[in-house]
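Just below is one structure, and these are the notes that go with it.
None of these values were measured; they are calculated from a predicted model.
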Amino acid sequence: FANGELRHCNFTERGYNPRNDLRARIFARSMRILAVRGELPRADLSFVFSHADIEWRDLSLPIVTFQRAKSARHLIRVPMWEQLDGSWTRRVEQRVLAHEAGQPFGHKKRHRVFWRGTDSAVPAGDCDAVQDRITTCEVSDKTAHLFHRLRLVLLSQAHPRRIDARLSGAKMRSKAIGQDRLYARMRLLEEPPREWGIEEQLQHRYLLDVDGSSQS
């Protein structure tokens, strides 16, 4: 970041488009606003902008991320990209208010506890159990119960009349090492994987918030 401009080294080389990618566009705009307000140092800043769902360890250069492991002490945490975009937040609020006005709580027919989300908080070959102070980084049918989101889906399998919980997708790191195939084999992954709209989720009386999410 220099002279009010955000510059990148390998962003486009990795297949991203800085004009189209939502996270990069919102973060760049936020930095420009801070610069105009005089709330950034005048000297040039160099940092790594992370697109990962979670960063597990400190590196020798500044990392900007919205979620870090317990052992990572020097990462620069920022709000979720969607929360940096006020218009996105207002749109979500308006969609929720409009839906709830037409279908209040007493009219909702689906009484099971409902959850859909990705495996964003599950390691994918990118953590160190000792440094990150977790039981294990291995994800298998024997360790799935140790991770909150996977444990919730397993609980749903044990109590299907009370809980409707599935993974709606797997992050890119998980797919790269075949972890999504493990989810499918264990029937943790919804078939076919898809995104659930806000209005669809609001059809249910009870929505779970696990590890936080941009929409919750």
Side-chain angles (χ1 to χ4, degrees), residues 14-17 20-24 50-57 65-72 80-82 88 92 95 108-216:
R14 295 177 66 86
Y16 296 104
N17 186 320
N20 296 334
D21 188 271
L22 182 65
R23 293 184 176 186
S50 174
H51 273 243
D53 292 311
I54 183 171
E55 288 295 334
W56 291 95
R57 59 181 61 88
T65 181
F66 74 91
Q67 188 174 203
R68 65 173 174 81
K70 293 180 180 179
S71 62
M80 289 282 290
W81 323 118
E82 295 91 344
W88 185 91
V92 171
R95 289 171 63 182
K108 298 179 188 292
K109 297 180 179 180
R110 300 173 184 176
H111 293 194
R112 285 192 299 171
V113 174
F114 183 83
W115 181 83
R116 289 294 186 276
T118 67
D119 65 335
S120 61
V122 181
D126 52 359
C127 79
D128 184 298
V130 176
Q131 289 187 6
D132 300 322
R133 291 184 291 177
I134 59 177
T135 304
T136 181
C137 289
E138 178 189 1
V139 181
S140 67
D141 53 355
K142 296 181 179 179
T143 63
H145 67 282
L146 298 175
F147 306 101
H148 295 162
R149 297 190 173 206
L150 305 186
R151 184 163 67 239
L152 172 61
V153 181
L154 292 171
L155 191 63
S156 174
Q157 293 177 356
H159 304 280
R161 296 182 61 184
R162 297 182 180 274
I163 306 173
D164 179 2
R166 289 289 185 277
L167 291 176
S168 59
K171 59 182 179 286
M172 294 304 297
R173 285 186 182 183
S174 299
K175 293 179 180 179
I177 62 173
Q179 208 156 279
D180 57 327
R181 294 193 293 272
L182 169 68
Y183 299 151
R185 179 168 58 80
M186 295 181 64
R187 296 185 296 112
L188 305 178
L189 186 64
E190 188 172 43
E191 291 294 343
R194 70 180 183 92
E195 291 189 13
W196 283 73
I198 294 173
E199 289 82 3
E200 283 186 286
Q201 297 188 49
L202 290 173
Q203 297 289 333
H204 301 263
R205 287 193 175 198
Y206 308 106
L207 299 177
L208 275 173
D209 180 9
V210 181
D211 295 329
S213 74
S214 57
Q215 293 190 0
S216 65

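Using a 4.5 Å heavy-atom cutoff, the side chains of Gln203 and Phe114 are not in contact. Taking 4.5 Å as the limit, every side-chain heavy atom of His204 sits out of range of all side-chain heavy atoms of Lys108. Val122 has its side chain out of reach of His148: every pair of non-hydrogen atoms, C-beta onward, lies at least 4.5 Å apart. Looking at Pro193 and Leu167, their side chains never come closer than 4.5 Å, going by heavy atoms from C-beta outward. Using a 4.5 Å heavy-atom threshold, the side chains of Ile198 and Glu200 count as separate.
Here NZ of Lys171 is found 6.5 Å from CD of Gln179. Values are rounded to the nearest 0.5 Å. In this structure, the separation between CD on Glu195 and OG on Ser168 is 7.5 Å, given to the nearest 0.5 Å. For the atom pair CZ (Arg112) and OH (Tyr206), the distance works out to 14.0 Å, reported to the nearest 0.5 Å. Rounding to the nearest 0.5 Å places OG of Ser140 at 9.0 Å from NE2 of His145. Between Arg166 atom CZ and Arg194 atom CZ the span is 13.5 Å, to the nearest 0.5 Å. Taking CG of Leu150 as the start and CG of Leu182 as the end, the distance is 8.0 Å to the nearest 0.5 Å.
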Tell me, with the steps shown, if Leu188 and Gln157 meet side-chain contact (heavy atoms from CB on, under 4.5 Å). CA-CA 9 Å; Leu188 305 178; Gln157 293 177 356; 3.7 Å; yes
Val139 vs Leu146, side-chain contact (heavy atoms from CB on, under 4.5 Å): CA-CA, chis, key distance, verdict: CA-CA 9 Å; Val139 181; Leu146 298 175; over 6 Å; no
Leu155/His159 under side-chain contact (heavy atoms from CB on, under 4.5 Å): CA gap, chis, key distance, verdict: CA-CA 6 Å; Leu155 191 63; His159 304 280; 3.7 Å; yes
Walk me through it: do Thr136 and Phe147 pass the test side-chain contact (heavy atoms from CB on, under 4.5 Å)? CA-CA 10 Å; Thr136 181; Phe147 306 101; 4.3 Å; yes
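Between Arg149 and Asp119 there is no salt bridge, since no side-chain N of the basic residue sits under 4.0 Å from a carboxylate O of the acidic one. Checked for salt-bridge contact, Asp180 and Lys175 miss the test: no charged N lies under 4.0 Å from a carboxylate O. Between Arg110 and Asp164 there is no salt bridge, since no side-chain N of the basic residue sits under 4.0 Å from a carboxylate O of the acidic one.
Atom CZ of Arg162 is surrounded by 12 or fewer heavy atoms from other residues, nucleotides or ligands within 6.0 Å.
Considering every non-hydrogen atom in both Ser156 and Ala165, the closest pair reads OG-N, 3.1 Å. The minimum heavy-atom distance linking Cys137 with Pro123 is given by the pair O-CB, 3.9 Å. Here the shortest heavy-atom pairing between Trp115 and Leu208 reads CD1-O, 3.3 Å.
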